[in-house]
Amino acid sequence: MRVHRPGSPHPRTLAVLATALLTALCLALPLTRAEAAAPARGSASMGAGVLAHDGRSGTPKSADATQTEGVDVSGHQGDVAWSTLWNSGVRWAYTKATEGTYYTNPYFAQQYNGSYNVGMIRGAYHFATPDTTSGATQANYFADHGGGWSRDGRTLPGVLDIEWNPYGAACYGKTAAGMVSWIADFLNTYKARTGRDAVIYTATSWWTQCTGNYGGFAATNPLWIARYASDPGTLPAGWGYYTIWQYTSSGPTVGDHDKFNGALDRVQALANG
């Protein structure tokens with residue numbers, strides 16, 4: 001029989017103290033890389049995964065008179081200095097409106113209306129999360145929260161931002177066929193709601209990996225390609241040309257800068273439908 005001597009700590013007390021000490025140490029330890037790097041839902045923006053997956057290899061070699069400078073913004077930029085951008089030559093802008101069915105950009109009004117008020121042609125985009133709800137559900141959420149369209153000559157059709165999952169597996173747990181089906185569901189619903197074919201924003205490497213390089217949307221949906229390099233590179237299957245090219249995430253004032261493949265009248269033509 002084990003004897004407990006008076007004046008010495010009881011074994012059970014020692015065990016409790018040891019457990020408490022270990023718990024405190026665990027709480028004090030820094031988060032693992034995965035835990036520390038996990039972003040909050042709603043924080044994603046255009047090009048969220050481009051640098052990590054495709055890197056950066058330069059900027060456009062020279063100005064091209066047939067291209068029109070634009071920007072894309074999200075809640076990360078807060079209130080945007082639209083007059084500064086206008087004076088620098090920016091003539092169009094896209095603003096993040098929604099993500100999934102759980103997030104709306106708190107700066108949307110200042111960004112969407114502010115760009116319009118200085119004279120820009122503007123539009124809205126939706127960051128897709130195909131692992132949370134259906135394409136149709138997200139298209140309706142987008143259309144209901146800033147993603148609509150009007151024939152005023154100054155409003156661009158909505159954009160489906162479909163790229164690497166910042167919160168988990170790159171392809172959101174979907175097969176290539178499943179991803180194509182989800183995208184089609186979104187695009188068909190958006191067109192039914194607005195009368196416009198949405199622009200597709202993506203990167204060739206993601207599109208190849210997660211849709212099997214599907215080419216079936218090219219005939220109807222304009223392509224916005226993401227590549228931080230001296231040229232847009234190889235485009236996804238089906239598209240013979242890009243409509244918009246996001247060429248940097250470190251441009252002046254807001255970071256993300258883009259080139260529309262054409263003069264300002266072509267931007268206006270896309271707005272008019």
Listed by chain and number, what are the ring-ring contact (aromatic ring centres under 6.0 Å, His included) partners of Tyr141, not counting sequence neighbours? His145
Check whether any side-chain N or O of Glu69 sits under 3.5 Å from a backbone N or O of Gly89 as a donor-acceptor pair, and report yes or no. no
On a heavy-atom basis, which atom in Asp256 and which in Tyr228 lie closest, and how many Å separate them? OD1-OH, 4.5 Å
Distance col, row Thr95:OG1 vs Gln77:CD, nearest 0.5 angstrom, shows 9.0 Å
Say whether, by atom type as modelled, one donor and one acceptor occur between the side chain of Asp185 and the main chain of Ser181 under 3.5 angstrom. no
Donor-acceptor contact below 3.5 Å, side chain Trp206 vs main chain Ala170: yes
Only counting residues at least two apart or in another chain, list the ones meeting ring-ring contact (aromatic ring centres under 6.0 Å, His included) with His126. Phe142, Phe186
Return yes if a side-chain donor-acceptor contact under 3.5 Å exists between Thr132 and Gln138, otherwise no. yes
Let me check something: do Leu187 and Trp207 share a hydrophobic cluster, defined by ILVMFWY side-chain heavy atoms less than 4.5 Å apart, either directly or through other members? yes
Hey, is OH on Tyr102 packed in by over 12 heavy atoms from elsewhere, all under 6.0 Å? yes
May I ask you to establish whether Arg154 and Tyr116 are in a cation-pi arrangement, using a distance under 6.0 Å from NZ or CZ to the six-membered ring centre and at most 45° from the ring axis? yes
Looking only at heavy atoms, what is the nearest atom pair of Lys259 and Trp92, with distance? C-CZ2, 4.2 Å
Flag for Thr202-Glu163: side-chain donor and acceptor within less than 3.5 Å: no
Minimum heavy-atom separation for Tyr201 to Val159, with atom names? CB-CG1, 3.7 Å
Do you reckon Val73 sits in the same ILVMFWY cluster as Val267, going by side-chain contacts under 4.5 Å, direct or chained? no
Between Tyr247 and Val254, is there a shared hydrophobic cluster once you connect ILVMFWY residues whose side-chain heavy atoms come closer than 4.5 Å? no
Donor-acceptor pair between Asp161 and Trp224 side chains, under 3.5 angstrom: no
Should Leu156 and Val90 be regarded as members of a common hydrophobic cluster, given that ILVMFWY residues are connected when their side-chain heavy atoms come within less than 4.5 Å of each other, either directly or indirectly? no
Do Ser205 and Thr208 have side-chain N/O donor and acceptor atoms under 3.5 Å apart? no
Would you find a donor on one side and an acceptor on the other, under 3.5 Å apart, between the side chain of Trp149 and the backbone of Ala143? no
Does Tyr172 have any ring-ring contact (aromatic ring centres under 6.0 Å, His included) partners at least two apart in sequence or in another chain, and if so, which? none
If we count only N and O atoms by modelled type, under 3.5 Å, do the side chains of Thr84 and Asn87 hold a donor and an acceptor together? no
Is the CZ atom of Arg266 crowded by more than 12 outside heavy atoms at less than 6.0 Å? no
I'd like to know if Leu264 and Val71 are part of one continuous hydrophobic network [Ile/Leu/Val/Met/Phe/Trp/Tyr, side-chain heavy atoms within less than 4.5 Å]. no
Report the C-alpha distance between Asp72 and Lys96 in whole Å, list the side-chain angles of each, state the deciding distance to 0.1 Å, and finish with yes or no for salt bridge (charged side-chain N to carboxylate O under 4.0 Å, His left out). CA-CA 8 Å; Asp72 59 88; Lys96 180 181 179 181; over 6 Å; no
Does the side chain of Thr98 reach to within under 4.5 Å of the side chain of Asn105, using non-hydrogen atoms? no
Go through it in stages, so that I can follow the logic: the residues are Ile162 and Met179, the test is side-chain contact (heavy atoms from CB on, under 4.5 Å), and I'd like the CA-CA distance, side-chain angles, deciding distance and then a yes or no. CA-CA 10 Å; Ile162 185 77; Met179 183 61 73; 4.1 Å; yes
On a heavy-atom basis, which atom in Lys174 and which in Pro130 lie closest, and how many Å separate them? CE-O, 3.0 Å
Tyr112 vs Phe108 aromatic rings, parallel, tilted or perpendicular, using cut-offs 30° and 60°? parallel
Could I get the full list of side-chain contact (heavy atoms from CB on, under 4.5 Å) partners for Pro157, not counting sequence neighbours? Tyr94, Arg196, Val199, Leu270
Any sub-3.5 Å donor-acceptor pair from Trp182's side-chain atoms to Thr133's backbone N or O? yes
Nearest 0.5 angstrom please: Asp197 CG to Asn221 CG, how far? 5.0 Å
Side-chain (Gln246) to main-chain (Ile225) donor-acceptor, under 3.5 angstrom: no
Check whether any side-chain N or O of Trp245 sits under 3.5 Å from a backbone N or O of Phe260 as a donor-acceptor pair, and report yes or no. no
When you measure from the side chain of Arg193 to the backbone N and O of Ala139, does any donor-acceptor pair fall under 3.5 Å? no
Under 3.5 Å: donor-acceptor pair, side chain of Gln111, backbone of Val80: no
Do Asn272 and Arg151 meet the criterion of a side-chain donor-acceptor pair at a distance under 3.5 Å? no
Residue pairs meeting salt bridge (charged side-chain N to carboxylate O under 4.0 Å, His left out), one or both in residues 113-134, sequence neighbours left out, come to Arg41-Asp131
Side-chain (Asn213) to main-chain (Ala237) donor-acceptor, under 3.5 angstrom: yes
Using the ring-ring contact (aromatic ring centres under 6.0 Å, His included) criterion, which residues pair with Tyr107? Sequence neighbours excluded. none
Hey, are the side chains of Ile200 and Phe217 touching, using non-hydrogen atoms and a 4.5 Å cut-off? yes
Which atom names give the shortest non-hydrogen contact between Val118 and Ser83, and what distance separates them? CG1-OG, 3.9 Å
